[in-house]
Amino acid sequence: MTATAAQLSPDISEPHLASRGGLTAFLMRLAAEIRADSYMLVATVPNRTRSEARIVASNWIFDTIELVGRRLIAALARGPHAAAPGTSARPLRAAEAPALHGVLTGEEAKLLAVLGHAELYSLRLDVGRQRLFILFSAERTGSIDQAGLTRAQLKSCYALSQAPQLLADAAAQDPLSERERECLFWVSEGKTTDEVAVILGVSSNTVNSYITHAMQKLSASNRPMAIAMAVRSGII
Amino acid sequence: MRAQALSDASPDPLQTLAEDAEATQPLAIPDAVRRFRWIAADMGATAFGLYFLGPASERSRLVPCFDSDYPGVGAATRALSGSQAEEIARHARASTQPCWWAGAQAPGEKAAFAGLAWAHPVAPPLPQTAGIAFPVHADRGQCGLAIFIGTGIFLTDDTLCDIHARCFSLFGAMARLRHSEPERVRAMSRRELECLRLTANGHTSEEIARLLKLSVHTTNQYLTQSAQKLNAVSRTQAVAKALRLGLIE
């Protein structure tokens with residue numbers, strides 16, 4: 001698998017991620033560069049009551065994903081340990097589990113350690129307005145090159161910026177049109193329909209229809225719910 | 001001059017750590033300007049500016065935070081606040097890749113930028129200049145641009161990442177500063193938060209009253225109170241604010 005991936009992308013600085021294989025090769029090389037054993041690229045998608053993690057790319061073994069569960073993966077990715085670009089990443093170490101308030105129970109930590117994720121970093125990726133998370137993990141604590149993480153994080157942002165089509169699946173997370181998003185933004189700022197109509201220079205009927213469409217797309221039953229889902233998923 | 005810039009740009013881990021530690025503290029604008037001067041000196045830029053992008057999409061304007069003429073406003077900022085920066089503003093919404101430009105007068109600059117694997121060329125937003133713009137994002141979804149201008153800019157693939165990370169960190173501090181000013185939230189009661197949480201999940205006042213075994217009147221009162229405490233004009237805005245502040249999930 002590694003050999004095929006390597007053939008697809010001869011160099012890590014190769015800026016063209018034209019295919020799915022290119023993305024895999026890029027992430028594998030990136031993980032190898034910082035001495036991480038595993039990577040997982042996670043997108044968050046809005047759900048009825050909380051946002052859900054969708055795995056975009058990963059070299060975690062299937063059984064690990066099934067055993068650990070998507071819920072915990074989402075918590076690991078979005079938890080307080082997730083580092084924004086420009087901040088130093090802190091590792092989540094299974095051995096320190098009791099001290100990790102609310103992120104990881106002792107049982108879950110033991111499971112992760114057994115499955116080869118004793119040390120785990122979550123990095124937030126800002127790809128334009130879209131937000132993803134990348135998890136790098138290693139079997140042995142201390143093996144990941146902490147200083148290299150910042151560069152790996154930005155290179156991932158750059159690479160994904162160039163390959164929006166590869167995020168198309170995850171982009172189901174932003175199904176709203178730009179106008180619909182704008183209307184929701186102003187409503188979330190407390191503007192009334194009439195005020196939004198003035199701001200955007202359209203009629204209030206149009207504003208209402210944008211908001212109704214947005215609610216349908218998000219399958220929200222009313223405005224506060226639509227706003228809540230949009231805020232949770234980072235659309236607005 | 002280039003050799004000088006290169007040696008300055010080599011990352012000093014201690015300095016980076018110190019910057020990180022300070023970045024979590026509230027950072028005043030003059031401190032941020034000083035740090036931007038260091039960044040500009042590290043890459044050999046003569047002018048810089050930090051800008052927020054407005055929320056509206058079609059009028060992609062740059063809202064200046066500060067520039068190298070702080071506390072005044074430089075000529076570049078005045079030009080960029082017009083419509084000339086539309087292309088880079090649009091770029092920043094869709095992509096995190098730095099974008100560069102170099103006029104015909106700066107062929108050396110053009111060659112230097114073209115060697116960068118991850119940077120993307122754009123049409124010059126300012127005539128007769130060369131420069132590079134770094135898209136930056138902050139925790140609450142704010143979007144911005146850190147722009148450096150000069151004909152002696154020198155960057156490598158690695159220093160590009162390091163400088164971008166420093167821009168992210170400083171923009172985050174500026175976005176927090178902006179956000180923290182009007183936000184002083186009074187303590188919310190458990191019931192108020194519960195009502196807000198259920199509203200966020202799409203329940204109406206009647207449903208919340210049934211779920212929490214309250215009267216509809218009381219439920220509405222809780223929601224009104226929570227909106228007041230959050231300084232919101234409607235319960236919809238209260239839900240948005242509570243989510244952004246992390247008061248509810």
Side-chain angles (χ1 to χ4, degrees), chain A residues 11-15 48-51 84-88 124-131 146-147 150-162 164 178-179 181-182 184-192 199-200 219-232 234-236, chain B residues 11 13 16-17 20-21 23-24 55-58 91-98 117-120 135-141 143 157-158 160-162 164-172 196-197 199-204 227 232-244 248-249:
Chain A
D11 184 7
I12 189 152
S13 61
E14 172 63 52
R48 275 190 81 78
T49 54
R50 56 170 60 237
S51 55
T87 58
S88 51
R124 192 183 89 199
L125 304 182
D126 289 315
V127 181
R129 295 194 59 92
Q130 214 173 342
R131 193 158 280 187
Q146 215 164 339
T150 304
R151 284 178 189 171
Q153 184 173 17
L154 282 162
K155 282 179 188 169
S156 312
C157 293
Y158 299 161
L160 292 169
S161 293
Q162 281 182 331
E178 198 53 30
R179 275 301 201 183
R181 196 188 62 72
E182 264 180 81
L184 286 189
F185 170 81
W186 288 115
V187 170
S188 82
E189 292 290 300
K191 304 289 182 229
T192 62
I199 293 169
L200 299 182
S219 57
S221 45
N222 53 27
R223 283 189 185 199
M225 187 179 180
I227 297 293
M229 290 172 73
V231 172
R232 280 191 197 116
I235 297 174
I236 55 172
Chain B
T16 320
L17 274 180
D20 276 337
T24 54
S57 61
E58 86 277 22
H91 170 87
R93 283 178 198 286
S95 164
T96 308
Q97 282 185 285
W118 297 109
H120 177 82
V136 280
H137 299 266
D139 291 348
R140 294 180 205 290
C143 189
D157 284 332
D158 283 342
L160 183 84
C161 289
D162 297 339
H164 204 162
R166 289 158 77 185
C167 292
F168 256 106
S169 155
L170 287 170
F171 180 71
L196 268 186
R197 187 178 60 79
T199 308
N201 289 349
H203 295 286
T204 60
V233 296
S234 65
R235 63 176 68 173
T236 310
Q237 192 190 5
V239 165
K241 279 198 159 180
L243 277 167
R244 291 197 174 119
I248 55 174
E249 275 275 296

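Reminder, nothing fancy here: chain letters follow the sequence lines and each chain counts from 1. From a predicted model like this one, the values you see are computed outputs, not experimental measurements.
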Which atoms of [X] approach chain B - backbone, side chain, both or neither, heavy atom under 4.5 Å:
| X | result |
| --- | --- |
| A/Ala147 | neither |
| A/Ser188 | both |
| A/Asp126 | both |

Interface residue of largest heavy-atom contact number with chain A, from B/Asp158, B/Thr236, B/Val136, B/Thr199, under 4.5 Å: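 Ranked by contacts with chain A, first place is B/Asp158.
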Choice from B/Ala227, B/Ala238, B/Ser234, B/Ala94 maximising heavy atom contacts with chain A below 4.5 Å: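 Option with the greatest count: B/Ala94.
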Please classify the contact of B/Leu160 with chain A as side chain, backbone, both or neither, using a heavy-atom distance under 4.5 Å.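 Interface part for B/Leu160: both.
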Which atom pair, heavy atoms only, marks the closest approach of [X] to [Y]?
| X | Y | answer |
| --- | --- | --- |
| B/Ser169 | A/Gly86 | CB-O, 3.2 Å |
| A/Pro224 | B/Val239 | O-CG1, 4.0 Å |
| B/Ala165 | A/Thr150 | CB-CG2, 3.4 Å |
| A/Arg131 | B/Ala138 | NH2-O, 2.9 Å |

Could you go step by step and tell me if B/Asp139 and A/Arg124 meet the side-chain contact (heavy atoms from CB on, under 4.5 Å) rule? CA-CA 10 Å; B/Asp139 291 348; A/Arg124 192 183 89 199; 3.0 Å; yes
Decide whether A/Tyr158 and B/His120 meet the rule of one side-chain donor and one side-chain acceptor closer than 3.5 Å.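 No, no side-chain donor-acceptor pair sits under 3.5 Å.
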[X] side, atom [atom1]; [Y] side, atom [atom2] - distance, nearest 0.5 Å:
| X | Y | atom1 | atom2 | answer |
| --- | --- | --- | --- | --- |
| A/Met229 | B/Asn201 | CE | CG | 9.5 Å |
| A/Gln162 | B/Gln97 | CD | CD | 3.5 Å |
| B/His164 | A/Lys155 | NE2 | NZ | 14.0 Å |

Whether A/Ser161 side chain and B/Thr96 backbone form a donor-acceptor pair below 3.5 Å: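 Here the side-chain-to-backbone pair exists.
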Would you confirm whether B/His137, through its side chain, and A/Gly128, through its main-chain N or O, come within 3.5 Å as a donor-acceptor pair?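 Confirmed, B/His137 side chain pairs with A/Gly128 backbone.
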Applying side-chain contact (heavy atoms from CB on, under 4.5 Å), run through A/Leu154 and B/Phe168 and close with a yes or a no. CA-CA 10 Å; A/Leu154 282 162; B/Phe168 256 106; 3.8 Å; yes
